[in-house]
Amino acid sequence: MAKLFIEGGRKLKGEVKLQGAKNSALPILAATVLTADESVLHNCPCLTDTETSIKILRCLGAKVNRHGHTLVVNTKDISSDSISDSLMRQMRSSIVFLGAILGRCGRAKLSFPGGCELGPRPIDLHLEALRQMGTEITEHHGELVCCAPKGLNGTKISLSFPSVGATENIMLAATLAKGTTVITNAAREPEIEDLADYLNKCGACIYGAGEGTIVIEGREELHGTSHNIIPDRIVAATLMSAAAVTGSDIVLKDVIPSHLSAVIPVFEEAGCSVSVKEGIMNIECPERPKAWSLTRTTPYPGFPTDAQAPLMAMATIAKGTTVFVENVFESRYKHIGEFLRLGANVKTVGKVAVVQGVEKLYSSSLQAQDLRGSAALVVAALSAQGVAEIDTTKYLDRGYEDFDGVLLSLGAKIQKI
Ligand code: UD1
């Protein structure tokens, strides 16, 4: 098992081109199942989660070849409608294959997905919507046997919460369904728009992605296409936090500023100067950030729950007190226990965390417990005095491509052993 050793207190300098977004790449890889053709996906990050999607595609009968960050996926010969429990358990996103396989084959057999433990992560909204579209689902000892004997039918689906995964699953199932599907209270994340862009290039008919109501007119068939995955806004927020905790100036390339509209103002309130021109972000940070008033996580376009942990790392050393309210997941504060080991001052009551910034963190041995929390531990360690040892790679490599290499290129003292 690999560990990261980080000697904190070094300033960062240089440029980084953002990787492609994990949360776009995963549903788009699932969507290729709907095409029975070849898709070429550019800017696809090299992560353990994308590798899991590739393994699932191959088990279904697809041919997948990687050339650097370009994946060529040929789904002509899909021969299976089942995903094994061991693959399903490797990540939460395995569940978006359900809508795609149902759309292509009219039936699917898989189990409940795994993924980071952020509290209960039910899939009731996914299953209820697919039932409304004509799917019969039997659950038996964690296995889901799904079948649409009369085909999938478009219908009106109103989500009680704008779930990202449920919105994606419905879009995937609706693309080849009979008639029109209307999703209200749909998730509006940029990754939803990216999925719709890919599917529309394949011949699908999806309107309104990125808004609260999405309309999908079912099509007979789709064809292949080529598509560029959007840049990863959460990796951007993480690197911005790394710059802020080290009082550094760095440059991020391939940034879409509108995707960070809830994040950039927090850095500005913390005293950083942020400018973005033609996709190039310059962030210049003071020696020590200022605390900011409040960060409440909410579905997009609100502050992203995935950026909560990295920004909390910044709050631990900020001048003053910052309050966080985590509204999306029940149990997304596991990094706080590790921050305390570094000397941070954080108190939690339910979904509220109050962070009283300290002047310095002191290194310690740390254990990551989820993907974004592990990135937050790396950010905190970059500012801490001494050498921190972080057992993180199992999680970090799921979402951050070569993160130690990226930080090394910016001048951090970091080693993976
Ligand atoms: C996606 C992202 C994840 C991000 C999250 C919220 C991917 C691969 N992952 O996860 O990084 O943190 O959106 O922005 O894109 N819920 C239910 N029932 C359901 C589905 C969801 O109660 O059927 C609840 C969840 O428990 C959670 C909330 O809705 O409390 C948000 O979940 P959802 O938007 O579905 O997140 P994911 O798609 O799992």
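Each ligand, and each atom within it, is numbered from 1 in the order the structure gives. Keep in mind that this is a model prediction, so the values were computed, not measured. Just the heavy atoms: all of them, side chains too, but no hydrogens, waters or symmetry mates, feed the values below.
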Checklist entry - What is the ring orientation for Y400 with F403, classed by angle as parallel under 30°, tilted 30 to 60°, or perpendicular over 60°? => result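 Correct class here is tilted.
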Next on the checklist: Quiz question: by atom type and distance under 3.5 Å, do the side chains of Q356 and T321 form a donor-acceptor pair?
Outcome noted: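 Per modelled atom types, Q356 and T321 side chains form a pair under 3.5 Å.
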Item to check | Exercise: do T295 and Q308 side chains pair donor with acceptor under 3.5 Å | outcome: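 No.
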Closest candidate by heavy atom, reference [atom], pool [options]:
{"atom": "atom 34 (O) of ligand 1", "options": "I192, V164, T167, T297", "value": "V164"}
{"atom": "atom 4 (C) of ligand 1", "options": "I234, D306, V328, N327", "value": "D306"}
{"atom": "atom 38 (O) of ligand 1", "options": "G165, P113, S331", "value": "G165"}

Examine [X] against ligand 1 and note whether any of their N/O atoms are separated by less than 3.5 Å.
{"X": "F329", "result": "no"}
{"X": "N23", "result": "yes"}
{"X": "D124", "result": "yes"}

Checklist entry - salt bridge (charged side-chain N to carboxylate O under 4.0 Å, His left out) with K416: which of D402, D391, D397? => result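 Going through D402, D391, D397 one by one, the salt bridge (charged side-chain N to carboxylate O under 4.0 Å, His left out) with K416 is satisfied by D397 alone.
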Checklist entry - Against heavy atoms of R332, which atoms of ligand 1 measure under 4.0 Å? => result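 Taking each heavy atom of R332 in turn, ligand 1 has 12 (O) under 4.0 Å.
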Next on the checklist: Under 4.0 Å from a heavy atom of T305: which atoms of ligand 1 are those, numbered in the order shown and with their elements?
Outcome noted: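 In order of numbering, the contacting atoms are 6 (C), 12 (O), 14 (O).
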Next on the checklist: Test your reading of the model: is there a side-chain donor-acceptor pair from N228 to the backbone of L41, 3.5 Å cut-off?
Outcome noted: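 Between the backbone of L41 and the side chain of N228 there is no qualifying donor-acceptor contact (under 3.5 Å).
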Item to check | Donor-acceptor under 3.5 Å (T155 side chain, M133 main chain) | outcome: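 No, because the side chain of T155 does not come within donor-acceptor range (under 3.5 Å) of the backbone of M133.
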Residue part near ligand 1, for [X], under 4.0 Å between non-hydrogen atoms:
{"X": "L125", "value": "both"}
{"X": "L127", "value": "neither"}
{"X": "Q308", "value": "neither"}
{"X": "E168", "value": "neither"}
{"X": "S93", "value": "side chain"}

Checklist entry - Is it true that atom CD of E221 has more than 12 heavy atoms of other residues, nucleotides or ligands lying nearer than 6.0 Å? => result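 No, because the 6.0 Å sphere around CD of E221 holds 12 heavy atoms or fewer from other groups.
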Checklist entry - At the 4.0 Å heavy-atom cut-off, does P122 count as touching ligand 1? => result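 P122: in contact with ligand 1 (<4.0 Å).
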Item to check | R92 near ligand 1 by a heavy-atom separation under 4.0 Å | outcome: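 Under 4.0 Å: yes for R92.
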Side chains of residues 337-353: which donor-acceptor partners sit under 3.5 Å, not counting sequence neighbours?
residue: E338; atom: OE1; partner: Q367; partner atom: N; Å: 2.8
residue: R341; atom: NH1; partner: S365; partner atom: O; Å: 3.3
residue: N345; atom: OD1; partner: K347; partner atom: NZ; Å: 3.3
residue: K351; atom: NZ; partner: N327; partner atom: OD1; Å: 3.3

Checklist entry - With the threshold set at 4.0 Å, does a side-chain nitrogen-carboxylate oxygen contact exist between K22 and E191? => result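 E191 and K22: not salt-bridged.
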Checklist entry - Taking atom CZ of R219 and atom CG of N200, what is their separation to the nearest 0.5 Å? => result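 Between R219 CZ and N200 CG, I get 9.5 Å after rounding to 0.5 Å.
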